[in-house]
A.B. asks: 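Here you go, one structure.
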Amino acid sequence: MLKRSRLLKRTERPGWIALPGVVLLHAAALLGQTSPMTSGSAQAAPAAVTLQQAVSQAERQDPATLLAARRAARARETIALTRTQYLPNALYTSQFDRATDNNVPGLLFPSGLPSISGSAPKLYGMQGYTTSAQGVSAAWEPLDFGRRGAIVQQTRAQARQYESLYDATRLQAAANAADAFLRVAAAREEVLVTQGDAQRWNTLDRIVGALVDQKLRPGADRSRSQAELATARIGLTRAQANVDLQRESLGAAMGMAGTQPEITTGGLLRKTPGDEAIAPRLDLNPLTQAQLQAEAAQRFAIRGVSLSSLPRFYLLGAAFTRGTDVTNSPHPPASLAGLAPDSAGNWALGAGVEFNFTRWARNRVRKRVEILRGEEQHARSVQLRQQLTLQYQQALTRLASAREVADLAAQRLVAADTSQRQALARYRAGLVGIVDVSDAEQVLLQAQSDDVLARLGVWRALLQLSYASGSLTPFLEQVRAVQAQPLPPAKPGSIPTTNEPAHSHTSSPLQSAPSGAQEQQS
């Protein structure tokens, strides 16, 4: 008979809290990728962490959170980059050349070959002349009808969108850490359950051995009790290994992969949370906020495309001068003549207007595309609200069901404990066989595991409800309130109450069993 409770199987599974499909869809559709924070290397785990400390550590150190923080910081810097469109286009140009005089003196190189102009002189030679030109020019668009402002507003909305996605990533990391913490606590409770089972079979094995030695029971009873004791010890070994596995998962959720942080629960799984309602906060959910900013950014994108089709007006200005050693004087020029400007300075002011017919036709199509994208973003908003509402309502149903299951599991535990005690007494009196005792023990073991699993289910359902509402604050407040309460009195058949059970693989499972387990066999 395999004595491995469902609690061990359940706690070996990954945490239930993960970004739902709609969240991944929206995160990818919003930006294609997800406040600056200090990264730093993974820190050593403290001696023992509370649930609140695990959540806080995950919010600071989770790699996905750090990545989202960097993206949000980059998005904020993009706003400053976009605002540089308001600056004038100012340019300084300086050029020095030496060429023959079969050209207008003072040529400037465009792209490719320089232009050749002017008539050839009668006495033409290959002698070169030096010319130079320097100057500054500027072009500024004083009036754009709000086109650049729309682009800046679009960038700001995208930055706020990144901020909301960062908040959503922090919420996800905190929920994962809280769920991993609860699974570690449940795994430790499972160790106590299997310790009690092994202790009871150890006691029963001694009773069976004494009866067999007195020829009051057949030798097959001893073989059965020894097999059951070995099975109980196997279950304890697996439960202890599961604690290490869950602690490793908690370390990874806290951003410290490779560590096994110890936890202190304050008797969390031995108490049940209150009935305080957690109101939905769908409008304040960070995913909702991110989607709203995506819609806003798309509206500004449509406005920017519309305004891009309008004419563009520019103010133009330039100041320049030149130098040359081409001279009509019979005296030869100085050796460095032409390298420095030596003529009077020049200036020019102007205004320009530009209307691009090709851009106007292209932007008409672009505007229709952007409008369709805006409608797509609105459809995503409706879909997201539906998904979040469904998630919240399902969490409410799970919590109500988990509370009812916890009450029934407690009643079952009392009945199973009574049945086990009666079966053991009847076996001592010779009224039943070892199989009846084994069945009663199996029912008790399962009832203890289900009791722990039911209380774990209540806390996880509460965590899911808080997560679905968009903030873990209500869940953490209930945790603090419950931890401040004294431990309730032990119920019949419940696992021994200890504040923080020691976790050690070096000690014997029977030696490490709580002393109260042996009292249950009397």
A.B. asks: For atom CD of Q386, decide whether the heavy atoms of other residues, nucleotides or ligands shown that lie under 6.0 angstrom number more than 12.
C.D. replies: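 Open.
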A.B. asks: Taking salt bridge (Lys or Arg N to Asp or Glu O under 4.0 Å) as the cut-off, I'd like each qualifying pair that reaches into residues 131-147, sequence neighbours left out, listed once.
C.D. replies: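 Of all non-adjacent pairs touching residues 131-147, those that pass salt bridge (Lys or Arg N to Asp or Glu O under 4.0 Å) are E141-R147, D144-R148.
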A.B. asks: In Å, rounded to the nearest 0.5 Å, how long is the span from OH of Y166 to OG1 of T169?
C.D. replies: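 Going from the OH atom of Y166 to the OG1 atom of T169 covers 9.0 Å.
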A.B. asks: Under the side-chain contact (heavy atoms from CB on, under 4.5 Å) rule, what do E189 and L456 come out as? Steps first, then yes or no, please.
C.D. replies: CA-CA 10 Å; E189 295 288 308; L456 171 65; over 6 Å; no
A.B. asks: Show the nearest heavy-atom pair for residues F475 and L182, with the distance to one decimal.
C.D. replies: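 The pair with the smallest heavy-atom distance is CZ-CD1, 4.4 Å.
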A.B. asks: For a side-chain hydrogen bond (donor to acceptor under 3.5 Å, both in side chains) with R373, tell me which candidate from E375, Q377, E370 qualifies.
C.D. replies: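 Looking at E375, Q377, E370, the match for R373 under the side-chain hydrogen bond (donor to acceptor under 3.5 Å, both in side chains) is E370.
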A.B. asks: If you look at every heavy atom in P280 and S469, which pair is closest and at what distance?
C.D. replies: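 The pair with the smallest heavy-atom distance is CA-CB, 4.2 Å.
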A.B. asks: Between E59 and T65, is there a side-chain heavy-atom distance shorter than 4.5 Å?
C.D. replies: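 No, side chains not in contact.
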A.B. asks: Where do A175 and L463 come nearest, in terms of heavy atoms and distance?
C.D. replies: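 Shortest heavy-atom contact: O-CD2, 3.9 Å.
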A.B. asks: Can you measure from CG (L81) to OG1 (T155) and round to the nearest 0.5 angstrom?
C.D. replies: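 So the gap between those two atoms works out to 8.5 Å.
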A.B. asks: At their closest point, which heavy atom of A178 faces which heavy atom of L51, and how far apart are they?
C.D. replies: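 Looking at all heavy atoms of both residues, the shortest contact is CB-CD2, 4.4 Å.
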A.B. asks: Is there a side-chain contact between N242 and V191 (heavy atoms, below 4.5 Å)?
C.D. replies: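 N242 vs V191: side chains apart.
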A.B. asks: Please say whether more than 12 non-hydrogen atoms of neighbouring residues, nucleotides or ligands are located less than 6.0 Å from CZ in R364.
C.D. replies: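 No, not enclosed.
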A.B. asks: Determine yes or no for a side-chain-to-main-chain donor-acceptor pair under 3.5 angstrom, with S401 supplying the side chain and R398 the backbone.
C.D. replies: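 Between the backbone of R398 and the side chain of S401 there is no qualifying donor-acceptor contact (under 3.5 Å).
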A.B. asks: Closest heavy-atom contact between N285 and G470?
C.D. replies: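 Closest approach of N285 to G470: ND2-CA, 3.4 Å.
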A.B. asks: Once you round to the nearest 0.5 Å, how far does CD of E262 lie from CZ of R188?
C.D. replies: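 Separation between the atoms: 7.0 Å.
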A.B. asks: Side chain to side chain donor-acceptor pair (under 3.5 Å) between Q172 and N176: does it pass, once the steps are laid out?
C.D. replies: CA-CA 6 Å; Q172 179 67 52; N176 286 339; 3.1 Å; yes
A.B. asks: Determine which pairs satisfy salt bridge (Lys or Arg N to Asp or Glu O under 4.0 Å) with at least one residue from residues 278-293, sequence neighbours left out, and list them in order.
C.D. replies: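 Of all non-adjacent pairs touching residues 278-293, those that pass salt bridge (Lys or Arg N to Asp or Glu O under 4.0 Å) are D283-R385.
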A.B. asks: Within a reach of under 6.0 Å around CZ of F357, are more than 12 heavy atoms found that belong to other residues, nucleotides or ligands?
C.D. replies: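 No.
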A.B. asks: Taking atom CD of E404 as the centre, does the number of heavy atoms from other residues, nucleotides or ligands within less than 6.0 Å exceed 12?
C.D. replies: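 Not more than 12 within 6.0 Å, no.
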A.B. asks: Looking at E354 and R312, is any side-chain nitrogen of the basic one under 4.0 Å from a carboxylate oxygen of the acidic one?
C.D. replies: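 No.
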A.B. asks: Over all heavy atoms of both residues, which pair between P273 and Q478 is shortest? Give the atoms and the distance, please.
C.D. replies: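 The pair with the smallest heavy-atom distance is CB-OE1, 3.3 Å.
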A.B. asks: Kindly determine whether Q483 and L268 satisfy side-chain contact (heavy atoms from CB on, under 4.5 Å), including the steps that lead there.
C.D. replies: CA-CA 6 Å; Q483 287 178 334; L268 188 64; 4.2 Å; yes
A.B. asks: Roughly how far apart are I302 CD1 and L307 CG, rounded to 0.5 Å?
C.D. replies: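 Those atoms lie 12.0 Å apart.
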A.B. asks: Please determine whether side-chain contact (heavy atoms from CB on, under 4.5 Å) holds for the pair T78 and Y162, giving the CA-CA distance in whole Å, both sets of side-chain angles, and the decisive distance to 0.1 Å.
C.D. replies: CA-CA 12 Å; T78 306; Y162 271 111; over 6 Å; no
A.B. asks: Between Q387 and Q391, is a side-chain contact (heavy atoms from CB on, under 4.5 Å) present by the stated rule, with each step listed?
C.D. replies: CA-CA 6 Å; Q387 292 288 342; Q391 186 179 12; over 6 Å; no
A.B. asks: Between R380 and E295, does any side-chain N to carboxylate O distance fall below 4.0 Å?
C.D. replies: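 Salt bridge between R380 and E295, a charged N being under 4.0 Å from a carboxylate O: no.
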A.B. asks: With a 4.0 Å cut-off, would you call D407 and R403 a salt bridge?
C.D. replies: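 Here D407 does not pair with R403 in a salt bridge, since their nearest N and O are not under 4.0 Å apart.
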A.B. asks: What is the distance from atom CD1 of I151 to atom CZ of R303, rounded to the nearest 0.5 Å?
C.D. replies: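 Reported value, rounded in 0.5 Å steps: 11.5 Å.
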A.B. asks: Distance from S308 atom OG to W360 atom CH2, nearest 0.5 Å?
C.D. replies: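 Atom-to-atom, S308:OG and W360:CH2 are 14.5 Å apart.
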